2 protein chains.
Amino acid sequence: MTLGRPREFDVDAALDRALHVFWRKGYEGTSMTDLTDAMGITKPSLYAAFGNKEELFRKALDRYVDGPGSYYQAGLQKPTAREVVEHILYGAADAMSDPSNPGCLAVQGALCCGDAAETIKQELAARRGKTEEDLRDRLSRAVTEGDLPSGSHAGDLARYVSAILQGMAVQAASGAPRDQLRKLADMALRNWPPV
Amino acid sequence: MTLGRPREFDVDAALDRALHVFWRKGYEGTSMTDLTDAMGITKPSLYAAFGNKEELFRKALDRYVDGPGSYYQAGLQKPTAREVVEHILYGAADAMSDPSNPGCLAVQGALCCGDAAETIKQELAARRGKTEEDLRDRLSRAVTEGDLPSGSHAGDLARYVSAILQGMAVQAASGAPRDQLRKLADMALRNWPPV
DNA sequence: AGACTTATCTACCGCTCGGTAGAAATCTCT
DNA sequence: AGAGATTTCTACCGAGCGGTAGATAAGTCT
């Protein structure tokens, strides 16, 4: 099997490099030269292995969700609503405050952009919407299970937590240190649920 | 006075158009052609009147702060901490949910970017930092005036409100409608101060 | 060995980017 | 009327953009 000349670089490692460039510079701010420099390969190799810039970004985004962003899905599986939200908020505070890659790719990858990047912007908005829905569904379950007050509006609570996370992402992008983000999580949790 | 050929366009109106383009597309996502098309002038006229792209952005940003973003400074002058935060949160919810210009220029103008826009990114981060400081100082005064509990940490509270505002901005950029942003303000206020 | 398949490289494509040169037009002054 | 100041226009600049052609190299198959 595996006909032809073998690839000389590690696809996963290269994708990882690409992810970190997109994370720091955003989709629009990243040039193909930025990518090839960081990945250590030439443009034709990149195109052969990953398609084009947009496909590469999507693959990097998948890798982000399963890697640095995995605290989110992990948090959803905690047994109680409070533990879910705790895990997500503190996980985010840690993940977003890595000084070499501050913030959140899903927020800063393409929050707004020129026409050429419009589809990426929409993809990211859709992903943020999806994660919020996942949290909403989890909190909704918590209401039926009784670990959230029975009057709680799961959708509102999910949007509130999302807002905190997104605010955290913006502050992290400005260079906020880890303990400041953690304090933000503290405050959001101090009166949870916010009735 | 006023030697030379008179200018044929209204500088303030043109700056307003430029502001709205930057607002929708961000600094990096906006091209000079986008700007000249929207402003109804040619490139040399733009350069003569506004310097270059970066200077134009700064002027548009000043206009933003004094115009659509003026709810913030107005809020700081309210008599009590609660009124200050109320005015800012609801003002933001309204300002950010204009469908033709969603979100907040100071957040989405250049949250992250390529090297060429680095100075703009830093300028925006500095401005966000400044507005947070203004709020902190106002809340600090509120503590001494007794309309916040005497143990309150004004810096933390200001960061918390900033995070809500920035989360609001991200959700607005994704198309969240006005009443959803208002609900976010409701929740943040429901237990204010978050002790 | 030789056909076949795939990766790698250099060199290049058309296009758009931000920005400007230089001449013509339109005003105020003397 | 004419000098001087300023704006406007068309046309252009070099650089960088995302993306590719085509030759060559390095493997696996029969």
Side-chain angles (χ1 to χ4, degrees), chain A residues 1-15 17-18 21-22 24-61 109-110 112-121 123, chain B residues 1-15 17-18 21-22 24-61 109-110 112-121 123:
Chain A
M1 287 302 171
T2 74
L3 289 197
R5 178 172 175 175
R7 189 171 272 129
E8 291 176 4
F9 64 95
D10 180 331
V11 175
D12 284 343
L15 186 53
R17 304 287 187 86
V21 179
F22 280 130
R24 266 181 292 118
K25 300 194 167 188
Y27 179 74
E28 235 169 14
T30 299
S31 73
M32 295 307 296
T33 306
D34 291 332
L35 291 167
T36 52
D37 284 356
M39 298 164 89
I41 62 178
T42 61
K43 264 195 282 189
S45 293
L46 189 157
Y47 277 84
F50 301 103
N52 59 12
K53 190 185 178 185
E54 195 170 321
E55 285 184 50
L56 175 59
F57 181 84
R58 283 180 213 273
K59 283 166 182 155
L61 183 56
C112 76
C113 59
D115 311 293
E118 192 69 23
T119 66
I120 293 293
K121 170 184 147 194
E123 159 98 26
Chain B
M1 288 299 171
T2 71
L3 288 199
R5 177 171 175 173
R7 189 170 274 130
E8 291 177 5
F9 64 95
D10 180 333
V11 175
D12 284 342
L15 185 53
R17 304 287 187 86
V21 179
F22 281 129
R24 266 180 291 119
K25 300 194 169 188
Y27 179 75
E28 238 171 10
T30 299
S31 73
M32 296 307 295
T33 306
D34 291 333
L35 290 166
T36 52
D37 284 356
M39 299 164 88
I41 61 179
T42 62
K43 264 195 282 189
S45 292
L46 188 157
Y47 277 84
F50 301 103
N52 60 12
K53 189 186 177 184
E54 197 170 319
E55 284 183 50
L56 174 59
F57 182 83
R58 283 180 214 274
K59 283 166 182 156
L61 183 55
C112 77
C113 58
D115 310 294
E118 193 68 24
T119 66
I120 293 292
K121 169 184 148 192
E123 159 98 26

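All values below were derived from every heavy atom in this structure, side-chain atoms included, with hydrogens, water molecules and symmetry-related copies excluded. Given the structure is predicted, the values throughout are model-derived calculations rather than measurements. So you know, we letter chains A, B, ... as the sequences are listed, proteins then strands, and number each from 1.
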Whole-Å distance, A:Leu46 CG to C:dC9 P, equals 12 Å
note: B:Glu8, atom CD; C:dA24, atom C1'; distance rounded to Å ~ 13 Å
A:Leu56 CG to D:dG18 P, in whole Å, measures 11 Å
Against the side chain of A:Leu3, the closest entry in D:dC9, C:dT5, C:dG19 is C:dT5
Closest to the side chain of B:Arg5, out of D:dT7, C:dT8, D:dG19, is D:dT7
Taken to the nearest whole Å, CZ/A:Phe57 to C1'/D:dG18 is 16 Å
Sorted by position of nearest nucleotide on DNA chain D, 5' first, the leading residue of B:Lys43 and B:Gly4 is B:Gly4
Whole-Å distance, B:Arg7 CZ to D:dT8 C1', equals 11 Å
B:Leu35 atom CG is separated from C:dG18 atom C1', nearest whole Å, by 11 Å
Among the nucleotides D:dC17, C:dG18, D:dC29, whichever has the atom closest to the side chain of A:Ser31 is D:dC17
Neighbour count above 12 (heavy atom, 6.0 Å) for A:Arg24 CZ: yes
Atom OH of B:Tyr47 and atom P of D:dC9 are separated, to the nearest Å, by 16 Å
Which of D:dT8, D:dG18, C:dT20 is nearest the side chain of B:Ser45? It is D:dT8
Once you apply a heavy-atom cut-off of 4.0 Å, does B:Thr30 come out as touching a base, just sugar-phosphate, or nothing? sugar-phosphate
Discussion item. With side-chain contact (heavy atoms from CB on, under 4.5 Å) as the criterion, how do B:Met39 and B:Phe9 come out once you've worked through the C-alpha distance, each side chain's angles and the decisive distance to 0.1 Å?
Written reply: CA-CA 9 Å; B:Met39 299 164 88; B:Phe9 64 95; 6.0 Å; no
Closest of C:dA7, D:dT8, C:dC27 to the B:Phe9 side chain is D:dT8
Considering only NZ, NE, NH1 and NH2 on the basic side and carboxylate oxygens on the acidic side, decide whether B:Lys121 and B:Glu118 come within less than 4.0 Å.
yes
Checking all strands, does A:Pro44 fall into the base, sugar-phosphate, or nothing category for heavy-atom contacts under 4.0 angstrom?
base
note: A:Asp10, atom CG; C:dT8, atom P; distance rounded to Å ~ 12 Å
**Prompt:** Do side-chain atoms of B:Lys53 reach the backbone of B:Tyr27 as a donor and acceptor pair under 3.5 angstrom?
**Reply:** yes
message = So, OP1 or OP2 of D:dT8: does either fall under 4.0 Å of a side-chain N or O from B:Thr42?
response = no
